[in-house]
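Chain naming here is simple, since letters A, B, ... match the order of the sequence lines and numbering starts at 1 in each. Here the structure is a predicted model, which means the values were calculated and not measured.
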2 protein chains.
Amino acid sequence: MTTLAALATPSPRSACARSGGPSYCDACKVRPLAVCAALEAGELHELDAIVHQGRVAAKETFIHQGEDATSVFSVVEGTVRLYKLLSDGRRQIVGFAMPGDFLGLALHNRYGFSADAVDAVALCKFDRAEFDRLVSAKPHFLRRLHEFATHELVIAQEQMTLIGRRSAEERIAAFLLMMRDRWARISGASVTVQLPMQRLDIADYLGLTIETVSRTLTRLARDRVILIVPEAVRILDEGRLAQLARS
Amino acid sequence: MTTLAALATPSPRSACARSGGPSYCDACKVRPLAVCAALEAGELHELDAIVHQGRVAAKETFIHQGEDATSVFSVVEGTVRLYKLLSDGRRQIVGFAMPGDFLGLALHNRYGFSADAVDAVALCKFDRAEFDRLVSAKPHFLRRLHEFATHELVIAQEQMTLIGRRSAEERIAAFLLMMRDRWARISGASVTVQLPMQRLDIADYLGLTIETVSRTLTRLARDRVILIVPEAVRILDEGRLAQLARS
DNA sequence: TCGCACGATTGATCTAGCACAAAGACCGTG
DNA sequence: CACGGTCTTTGTGCTAGATCAATCGTGCGA
């Protein structure tokens, strides 16, 4: 198992014994299709030639805002938080990256945010220059990335609306439904919403304080809209939740 | 001069008498390079084959959230506000588009926001299908659009941080400096920040109320940080403003 | 089994920004 | 140049959510 240190200095490809196909080594516990949910087999095969893999322990930071953007990542397992820090410590989480998501796609010289692992994370790491070369040579691949980027933009605009114009209760409701839908894409529909991140992360994502998040969840539980369980929330009254979240 | 009606039903290209080069007709008062500041002459020439032009009067809406995304636009003159409306009338402006900016790039079937003209606006309008065909055929062009989209994403993430974690005064200071920088790209540096949008637009962009925007500007003016003039603000103490806005 | 550390919850109070209301300021029009 | 509409400013409470401060689990290592 590779560590963050191994990520920073990518291990040679031979470290992962592979059969030559678009499969990843068992040692890394990486499922090939998870590199990017939107990619097709042929595209994966191309990526396969330039990928480095690794794992990041919970709470470790592997992208530092302002540093040279030398890598592009995709999440294979686990949850990553992307955030901006103000000089006085205030933090805004601008997104959670989950299996299939890309990080660091912006064509800038420096990372615009920091990123660290919420829980244990498995990553694919690509050298930026190699990645760019591949992308330039394969228009269909660039098109996928462009789709991914514009989709991220749509989500970012919804998030602005959520933070700028909605009450705490509405933000929490929308957050729970969003997390439910994201997990549904990965592991199938469920009334149980996995919440690997802690309350402080939810607060910093929604522009609230940890106390407000806690109180709001407690109130929703008291009203029998949700049931709070460790690391998760069970949705009891989806209609009511959707009504609170609706635009 | 074409109107919104003419935009909705694009006038035949012959309506604009052109010499065949990458120049636009005088009647439309459109400067070719303004189609997109990031594009080069060759790329403009390609766009030239599929462009339709028109003008939108102040306050007219030309993109309706949720409708079929049949067109891509670029702003040539004036300022456009992009916004999302909640069912109860709350509004979040997710961005202002100014000369050189593209609108409706997201590869979705429906527009994710509404857009209307803040002041008199000149637009280039492209049929989405034709635009997509051109983009697919010209990888360098797709790359430009991807750059534009990722840049928009970076801006959206900064905006999230602004709205989610900063005080009213910090938001206003950052907004003024941002507007100053955007105009600088178009018409050169100046201590006078043009503000074509009204207070309510600024409020809905920053997640504040009109009263808070007005009071905050008044306070900055009382403290001799800015000078309020019609349709604009003059920056008197840039250092102080930057200090308030800094991350 | 204890104790300690970390996260979550709950309580009490405070305040930045909101909501409502009433003047101003400005501008085009008859 | 008076009138009406629109936008902005200013004044006065009010409240959602922040802040400060205890608890209250829960897991884990000695």
Side-chain angles (χ1 to χ4, degrees), chain A residues 57-59 79 81 86 88-93 116 118-119 162-176 193 195-223 226-233 244, chain B residues 57-60 79 81 86 88-93 116-120 162-176 195-223 226-233 244:
Chain A
K59 305 201 180 174
T79 303
R81 56 180 176 230
L86 304 187
D88 60 1
R90 282 176 289 179
R91 181 180 71 153
Q92 177 68 42
I93 292 185
D116 47 39
V118 167
D119 46 13
L162 199 67
I163 296 175
R165 284 291 175 245
R166 317 206 70 155
S167 71
E169 196 171 46
E170 292 171 322
R171 293 183 214 190
I172 294 286
F175 173 74
L176 292 176
V193 183
L195 296 178
M197 69 292 292
Q198 53 192 49
R199 298 287 185 268
L200 185 57
D201 292 329
I202 300 177
D204 283 349
Y205 182 57
L206 298 176
L208 300 169
T209 59
I210 182 174
E211 294 93 335
T212 299
V213 169
S214 180
R215 274 186 248 273
T216 306
L217 285 172
T218 304
R219 184 162 3 105
L220 288 174
R222 183 165 30 73
D223 296 350
I226 60 171
L227 183 68
I228 298 172
V229 293
E231 302 270 279
V233 152
L244 287 171
Chain B
K59 306 201 178 175
E60 251 184 300
T79 303
R81 56 182 177 228
L86 304 187
D88 60 0
R90 283 176 288 178
R91 181 180 71 156
Q92 177 67 43
I93 291 182
D116 48 38
V118 167
D119 47 12
L162 199 68
I163 296 174
R165 284 291 175 244
R166 317 207 68 150
S167 70
E169 195 171 49
E170 291 171 324
R171 294 183 212 190
I172 294 286
F175 172 74
L176 292 177
L195 296 179
M197 71 290 294
Q198 53 192 48
R199 297 287 185 267
L200 184 58
D201 292 328
I202 300 176
D204 283 348
Y205 182 57
L206 298 176
L208 300 170
T209 58
I210 182 172
E211 295 94 332
T212 300
V213 169
S214 180
R215 272 186 248 272
T216 305
L217 284 172
T218 305
R219 183 163 4 105
L220 288 173
R222 184 167 26 74
D223 297 348
I226 59 172
L227 184 68
I228 298 172
V229 294
E231 301 271 279
V233 152
L244 288 173

*Asks:* Rounding to an integer number of Å, can you tell me how far Glu169(B) CD sits from dG17(C) C1'?
*Replies:* 13 Å
*Asks:* Taking CD from Glu231(B) and P from dT8(D), how many angstroms apart are they, rounded to a whole number?
*Replies:* 9 Å
*Asks:* Side chain of Arg215(A), base of dT19(D): donor and acceptor closer than 3.5 Å?
*Replies:* yes
*Asks:* Is the base of dG17(D) touched by the side chain of Arg171(A) through a donor-acceptor pair closer than 3.5 angstrom?
*Replies:* no
*Asks:* Just how far, in rounded Å, is P of dA8(C) from CG of Leu220(A)?
*Replies:* 17 Å
*Asks:* Think Ser167(B) has a side-chain N or O under 4.0 angstrom from the OP1 or OP2 of dA16(C)?
*Replies:* no
*Asks:* Can you measure Leu195(B) atom CG to dT8(D) atom P for me and round it to whole angstrom units?
*Replies:* 10 Å
*Asks:* Hey, which sits more toward the 5' end of DNA chain C by its nearest nucleotide, Arg199(A) or Arg165(A)?
*Replies:* Arg199(A)
*Asks:* Indicate, with a heavy-atom threshold strictly under 4.0 Å, whether Leu217(A) touches base, sugar-phosphate, or nothing.
*Replies:* nothing
*Asks:* Using whole Å, what does the distance between atom P of nucleotide dG17(D) and atom CZ of Arg90(A) come to?
*Replies:* 19 Å
*Asks:* At under 4.0 Å between heavy atoms, what does Ser214(B) touch on the DNA or RNA strands: base, sugar-phosphate, or nothing?
*Replies:* base
*Asks:* If you go through the side-chain atoms of Glu211(B), does one of them form a donor-acceptor pair with the base of dC20(C) closer than 3.5 Å?
*Replies:* yes
*Asks:* dT6(D) C1' sits how many Å from Gln198(B) CD, rounded?
*Replies:* 9 Å
*Asks:* Round to a whole Å and report the spacing from CD1 of Ile228(B) to P of dA25(C).
*Replies:* 14 Å
*Asks:* Under 4.0 Å from OP1 or OP2 of dG17(C): is there any side-chain N or O of Thr209(B) that close?
*Replies:* no
*Asks:* dA5(C) C1' sits how many Å from Lys59(A) NZ, rounded?
*Replies:* 11 Å
